[in-house]
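Here is the structure we will look at.
Atoms considered below: every heavy atom in the structure, side chains included; atoms not considered: hydrogens, waters and symmetry mates.
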Amino acid sequence: MGVGHSSVSLSLDPISIAAFTAKPKPKTSCFFNTHCKKSVFPTKKNSLFVGFSLKFESLKCGKVAGEMDTEKGIDVANKSILDFHGIDERLIRKMEFDALVWSSLHGLVVGDRNFQRSGQVPGVGMVHAPIALLPMSFPKSHWKQACELAPIFNELIDRVSLDGKFLQDSLSRTKKVDAFTSRLLDIHSKMLEMNKKEEIRLALHRADYMLDEKTKLLLQIELNTISSSFPGLGCLVTELHRTLLNEYGEDLGLDSKRIPSNTAVGQFSEALAKAWTEYNNPRAVALVVVQTEERNMYDQHWLCTMLKERHNVRTVRKTLAEIDREGQLLPDGTLLVDGQAIAVIYFRAGYAPTDYPSESEWRARLLMEQSSAIKCPSISYHLAGSKKIQQELAKPNMLERFLENKEDIVKLRKCFAGLWSLDDLDIIRKAIDKPELFVMKPQREGGGNNIYGNDVKETLLQLQKEGSEEDAAYILMQRIFPTVSPTILMRDGICHKEHAISELGIYSAYLSLGNQSRVLDSTNNLKCFSSRYTKKIYRFHFLSLLLAIWNNRSSHS
């Protein structure tokens with residue numbers, strides 16, 4: 001679930017995470033083409049530098065995928081306070097070599113698309129993950145704002161997931177025209193009829209934001225409630241950037257000591273382990289639901305490895321089809337897969353229609369929902385992250401239905417971008433008149449289906465002409481225009497000087513224990529979250545930053 005959206009959707013590939021402030025002292029040696037003795041990087045203490053390169057797509061001529069034009073009065077900044085393109089080629093080559101060696105030795109890798117089995121067999125056809133060689137600038141105040149929002153959004157989503165009527169009513173029109181959403185709602189409806197209650201609810205979220213250049217507002221793109229990817233590889237990029245700055249920071253004018261830790265994968269594993277413990281069956285395992293081909297498997301394996309090494313929790317990886325073949329539901333609700341009891345189900349698949357090529361996959365999803373295993377996410381959490389629910393929660397007075405704290409409500413609304421249903425005729429007219437200011441989004445996770453630019457106008461006119469209910473399959477969103485900045489990206493061992501759009505991502509976990517009253521609050525060492533002790537809930541608050549290079553695909557994997 002997200003609140004607000006940007007110009008385009010996330011891509012599929014990793015990676016790069018770090019945050020640091022510039023070193024204030026001037027450089028004594030220079031690797032920049034400007035031949036200056038002063039660092040070209042800023043020294044303001046109110047800024048962080050962050051990086052998380054997700055897709056090796058260049059932004060040619062100041063445009064992003066989806067025709068991110070600067071025309072018609074749209075002011076998109078093209079200048080960055082970081083002149084990465086001014087770094088001397090000799091220094092870039094040195095950092096490039098060191099980054100490739102480090103990535104190979106430390107598992108910062110993905111499956112190589114040039115090898116047929118790279119997404120099926122571990123260790124076959126590996127290549128370094130696409131990365132940003134150096135991070136980007138981001139205001140510290142907005143970082144802190146996003147950190148403060150994480151526990152509030154966690155609580156909001158949990159309460160939304162418990163309101164079955166709200167979910168069914170809000171998605172009722174979408175159900176008529178979107179077969180995928182309809183199947184999800186059918187499973188949800190069956191759970192309501194069974195009065196199936198999830199006493200233990202686990203959520204692993206990643207909230208994505210962009211900083212609008214014109215308004216300087218931090219606006220949320222979405223909150224991923226299923227398959228929030230890159231906690232594993234992202235942590236490695238933090239360490240990669242720290243390593244590079246330990247070696248070259250003096251030449252760059254940057255201090256590696258100012259890079260905060262990224263502990264997302266460790267605390268994701270802690271949340272999963274805590275849920276496993278609460279299930280109270282030491283012989284049970286955690287089930288990771290995966291796609292048949294997954295080049296991002298190593299991001300997932302890092303989490304599974306940490307679960308085993310730190311918490312002695314074993315995991316098994318199964319596709320939906322395998323779960324259908326091997327799954328069995330016992331009378332007491334226990335789920336067996338290949339004879340093993342399942343305590344926790346962690347979805348890294350099942351968020352897109354392509355994950356359900358036959359009825360076998362849908363049977364598996366229903367079987368898991370009927371079981372007593374702890375789902376991450378449950379079907380209700382999955383639906384709570386849909387685009388239509390995102391739009392519904394942005395309506396006036398809607399947050400008051402789920403939250404009592406007025407200050408929390410104000411904080412959430414401050415990061416909401418414009419969101420509208422396609423039954424709003426006034427906004428439709430505005431979108432047809434100025435389509436460059438809007439994005440049309442379908443009810444899909446995984447991206448790749450968003451509509452931009454003049455295509456927004458043409459699609460809206462076609463829907464009006466047809467007069468059908470197909471408009472219920474979409475929502476209309478305000479377009480966010482962040483700064484376009486020069487950066488250095490690496491793919492397949494080659495550096496590219498390109499321009500990119502930045503995104504901030506915050507990882508968080510939420511574990512509710514029904515009628516119990518034990519509490520755990522866990523933060524990373526930045527201490528950006530204040531403790532919010534609430535009965536009946538374990539709160540895992542941690543964060544990391546990400547810089548996304550946009551194209552028409554998604555970060556889910």
- Query: Which is it for K411 and E407 under the salt bridge (Lys or Arg N to Asp or Glu O under 4.0 Å) test, yes or no, and what are the steps along the way?
  - Reply: CA-CA 6 Å; K411 290 178 181 178; E407 292 183 1; 5.3 Å; no
- Passes side-chain contact (heavy atoms from CB on, under 4.5 Å), V288 versus R348? Steps please. CA-CA 7 Å; V288 184; R348 290 299 291 258; 4.2 Å; yes
- Show your reasoning for whether side-chain contact (heavy atoms from CB on, under 4.5 Å) applies to Q300 and R317. CA-CA 10 Å; Q300 303 165 9; R317 293 168 60 86; 2.8 Å; yes
- Message: Run L223 and L156 through side-chain contact (heavy atoms from CB on, under 4.5 Å) and show every step you take.
- Response: CA-CA 11 Å; L223 194 152; L156 171 64; over 6 Å; no
- Task: Go through I345 and V289 one step at a time and tell me if the side-chain contact (heavy atoms from CB on, under 4.5 Å) criterion holds.
- Result: CA-CA 7 Å; I345 303 170; V289 184; 3.6 Å; yes
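Contact of the R365 side chain with the Y356 side chain is registered, since non-hydrogen atoms from C-beta on lie closer than 4.5 Å. Using a 4.5 Å heavy-atom cutoff, the side chains of F153 and Q220 are in contact. Looking only at side-chain heavy atoms (C-beta outward), F180 and P442 stay at 4.5 Å or farther from each other. Contact check for V313 versus V344: no side-chain heavy atoms found under the 4.5 Å cut-off. Between Y381 and D158 the shortest side-chain heavy-atom distance falls below 4.5 Å. In this structure the side chain of L149 never reaches within 4.5 angstrom of the side chain of I506, judged on heavy atoms. Residues L211 and P482 are not in side-chain contact: their nearest non-hydrogen atoms beyond the backbone lie 4.5 Å or more apart. Here the side chains of L463 and L422 are in contact, with some heavy-atom distance below 4.5 Å.
Heavy-atom minimum distance, C376 versus L204: SG-CG, 3.6 Å. Listed here is the closest heavy atom pair of S372 and Y279: OG-OH, 3.1 Å. The minimum heavy-atom distance between L236 and G107, with the atom names listed, is CD1-O, 3.5 Å. Closest approach of V177 and E469 over heavy atoms only: CG1-O, 3.2 Å. The two residues L504 and H142 have their closest heavy-atom pair at CD2-O, 4.2 Å. Nearest heavy-atom pair across A284 and I342 is CB-C, 4.2 Å.
Dense packing is recorded around CZ of R413, with more than 12 heavy atoms of other residues, nucleotides or ligands lying under 6.0 Å away. Heavy-atom neighbours of Q464 CD from other residues, nucleotides or ligands within 6.0 Å: above the threshold of 12. Within 6.0 Å of NZ in K308 there are more than 12 heavy atoms belonging to other residues, nucleotides or ligands.
Listed by first then second residue, pairs satisfying salt bridge (Lys or Arg N to Asp or Glu O under 4.0 Å) with a partner in residues 320-332 read K318-E326, D324-R363, not counting sequence neighbours.
Taken to the nearest 0.5 Å, the CD1 atom of I374 stands 4.0 Å off from the CD1 atom of I200. To the nearest 0.5 Å, the span separating CE on M440 from CG on D471 amounts to 8.0 Å. From D163, atom CG reaches atom NZ of K165 across 8.0 Å, with rounding to the nearest 0.5 Å. If you take OG1 on T181 and CG on L383, they are separated by 8.0 Å, rounding to the nearest 0.5 Å. Atom CG of L419 and atom CD1 of I427 lie 10.5 Å apart (nearest 0.5 Å). Going from atom CG of L171 over to atom NZ of K387 covers 11.5 Å, rounded to the nearest 0.5 Å.
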Show me, pair by pair, the donor-acceptor contacts under 3.5 angstrom made by side chains of residues 185-193, not counting sequence neighbours?
| residue | atom | partner | partner atom | Å |
| --- | --- | --- | --- | --- |
| D186 | OD1 | K175 | NZ | 3.1 |
| H188 | ND1 | Q168 | NE2 | 2.9 |

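In this structure, the side chain of Y474 does not engage the main chain of N450 through any donor-acceptor pair within 3.5 Å. Under a 3.5 Å cut-off, the side chain of S228 and the backbone N or O of N224 do form a donor-acceptor pair. S227 places no side-chain N or O within 3.5 Å of a backbone atom of A349 that could act as its donor or acceptor partner. Judged by distance alone, the side chain of K375 and the main-chain N or O of A373 form a donor-acceptor pair under 3.5 Å. With D299 contributing its side chain and L233 its backbone, the two residues share a donor-acceptor pair below 3.5 Å. Counting only distance, with no hydrogens or angles, the side chain of R206 and the backbone of S229 share a donor-acceptor pair below 3.5 Å. Within the 3.5 Å criterion, the main-chain N or O of A273 finds a donor-acceptor partner in the side chain of T277.
We find that R201 and E278 are not joined by a salt bridge, their nearest charged nitrogen and carboxylate oxygen being 4.0 Å or further apart. A salt bridge links E359 to R183: one of the charged nitrogens lies within less than 4.0 Å of a carboxylate oxygen. Salt-bridge annotation for K196 and E198: present, with a side-chain N of the basic residue lying under 4.0 Å from a carboxylate O of the acidic one. E392 and K388 are joined by a salt bridge, as a carboxylate oxygen and a charged side-chain nitrogen come within less than 4.0 angstrom of each other.
Partners of F402 according to the ring pair (Phe, Tyr, Trp, His ring centres under 6.0 Å) rule, which considers only residues two or more places apart in sequence or in another chain, are F166.
Under the 3.5 Å distance criterion, with hydrogens and angles disregarded, a donor-acceptor pair is assigned to the side chains of N154 and S508. For the residue pair E309 / T305, no side-chain donor-acceptor distance below 3.5 Å is found, with atom types taken as modelled. A donor-acceptor pair shorter than 3.5 Å can be found between the side chains of S380 and S378.
Checking N296, D355, T354 one by one against Q291, the side-chain hydrogen bond (donor to acceptor under 3.5 Å, both in side chains) holds for a single residue, D355.
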